[in-house]
Trainee: 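I am attaching a structure below and will ask some questions about it afterwards.
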Amino acid sequence: MDTTLVPPWLEPLLTTSFFSVCRIHGDAARSECNMFCLDCNGDAFCFYCRSSRHKDHQVLQIRRSSYHDVVRVAEIQKVLDISGVQTYVINSARVLFLNERPQPKAAKGVSHICEICGRSLLDPFRFCSLGCKLVGIKRNGDGSFKLEAKNEELLMERREGIIPRRSVSSREEEELRDGAQQDIYPSTPPPPPSNARRRKGIPHRAPFGS
């Protein structure tokens, strides 16, 4: 597969089975395997596995909608170009589906359908899911999952620690904050010029003679 168009972790992500109970942390409260590591390309894992084995890795959290796997747009668009894929708002979060969902027959009068599986779409997108976009790229080669070079370089720099996640340091923030506070108050007036006339002091009487 051409990794310039499709990242090597995408196909393993789309074929991974999620939401089984973790074999290691099965008795814990958050033991369902709903996470996927983009660096390891292994099986799904739970919240506790992430803390112990994938602490510094890129991890996606998978969610469910009507028994189908979805991922939040805010997470996936940081690592993948999702242009052309239909998105949905579910529980106040914008998501997209990982794989196509079976649809017996498209409804009549539908103006937008998926180019691969024919599923009806709400908006003028090309695909209903990441899986269908992957098939479209393999079949036609007229799309890509690769982010723009600038965005990819920025992502790589953040991962390698070249630039901080925050644009300014805490010390710079403190200096900026102090400077802003100082601007609220009027500045101290400059001293008078040296050649200005000085005010006379309080006159003193000459002492009485003896």
Trainee: Hey, could you give me the OG/CG distance between S129 and L96, rounded to the nearest 0.5 Å?
Mentor: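 Going from OG on S129 over to CG on L96, the span is 8.5 Å.
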
Trainee: Excluding sequence neighbours, so at least two apart, what forms side-chain contact (heavy atoms from CB on, under 4.5 Å) with S65?
Mentor: V70, I90, F97

Trainee: With no hydrogens and no angle check, is any side-chain donor or acceptor of N99 less than 3.5 Å from a backbone partner on L14?
Mentor: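 Such a contact is found between N99 side chain and L14 backbone.
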
Trainee: Could you list the residues that satisfy salt bridge (charged side-chain N to carboxylate O under 4.0 Å, His left out) with R64, not counting sequence neighbours?
Mentor: D69

Trainee: Not counting sequence neighbours, which residues clear ring-ring contact (aromatic ring centres under 6.0 Å, His included) with H57? List them please.
Mentor: H54

Trainee: Roughly how far, to the nearest 0.5 Å, is the CZ atom of R23 from the SG atom of C49?
Mentor: 9.5 Å

Trainee: Begin with the C-alpha distance, continue with both residues' side-chain angles, and end with the deciding distance and a verdict on side-chain contact (heavy atoms from CB on, under 4.5 Å) for C33 and D43.
Mentor: CA-CA 9 Å; C33 296; D43 295 330; over 6 Å; no

Trainee: Please identify each residue that fulfils side-chain contact (heavy atoms from CB on, under 4.5 Å) with R72, with sequence neighbours left out.
Mentor: R63, E75, A93, V95

Trainee: Taking Q58's backbone N and O only, do any of them form a donor-acceptor pair with D39's side chain (distance below 3.5 Å, no angle check)?
Mentor: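 The answer is yes, because a donor-acceptor pair under 3.5 Å joins these two groups.
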
Trainee: Show your working on side-chain contact (heavy atoms from CB on, under 4.5 Å) between V71 and L98 and close with a plain yes or no.
Mentor: CA-CA 7 Å; V71 63; L98 296 188; 3.9 Å; yes

Trainee: Which residue pairs satisfy the ring pair (Phe, Tyr, Trp, His ring centres under 6.0 Å) criterion with at least one member in residues 124-146, sequence neighbours excluded?
Mentor: none

Trainee: Is there a side-chain contact between I113 and R119 (heavy atoms, below 4.5 Å)?
Mentor: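 Not in contact.
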
Trainee: Under a 4.0 Å threshold between the charged nitrogen and the carboxylate oxygen, would E100 count as salt-bridged to K133?
Mentor: no

Trainee: Of all residues at least two apart in sequence or in a different chain, which pass the side-chain hydrogen bond (donor to acceptor under 3.5 Å, both in side chains) check with R94?
Mentor: T87

Trainee: If the condition is salt bridge (charged side-chain N to carboxylate O under 4.0 Å, His left out), which residues does E115 pass it with, not counting sequence neighbours?
Mentor: R126

Trainee: Considering residues at least two apart in sequence or located in another chain, which fulfil the side-chain contact (heavy atoms from CB on, under 4.5 Å) criterion with N41?
Mentor: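 Here the qualifying residues are W9, F36.
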
Trainee: Taking only residues two or more places apart in sequence or in another chain, which ones pass side-chain hydrogen bond (donor to acceptor under 3.5 Å, both in side chains) with Y88?
Mentor: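 So Y88 forms a side-chain hydrogen bond (donor to acceptor under 3.5 Å, both in side chains) with R101.
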
Trainee: Identify, with sequence neighbours excluded, every residue that meets side-chain hydrogen bond (donor to acceptor under 3.5 Å, both in side chains) alongside E32.
Mentor: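 None.
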
Trainee: Can you measure from CG (D81) to CG (L5) and round to the nearest 0.5 angstrom?
Mentor: 10.5 Å

Trainee: For T16 and P12, indicate whether the former's side chain and the latter's backbone hold a donor-acceptor pair under 3.5 Å.
Mentor: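 Yes; at least one donor-acceptor contact below 3.5 Å.
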
Trainee: Mark yes when over 12 heavy atoms from residues, nucleotides or ligands other than N91 sit less than 6.0 Å from its CG; otherwise mark no.
Mentor: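 At most 12 heavy atoms, drawn from other residues, nucleotides or ligands, come within 6.0 Å of this atom.
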
Trainee: Which residues pass the side-chain hydrogen bond (donor to acceptor under 3.5 Å, both in side chains) test with D123, sequence neighbours left out?
Mentor: Q86

Trainee: Could you grab the distance from atom CZ of R30 to atom SG of C22, nearest 0.5 Å is fine?
Mentor: 13.0 Å

Trainee: Taking transitive links into account, so neighbours of neighbours count too, which hydrophobic residues share a cluster with F47 at under 4.5 Å side-chain distance?
Mentor: M35, F45, Y48, V59

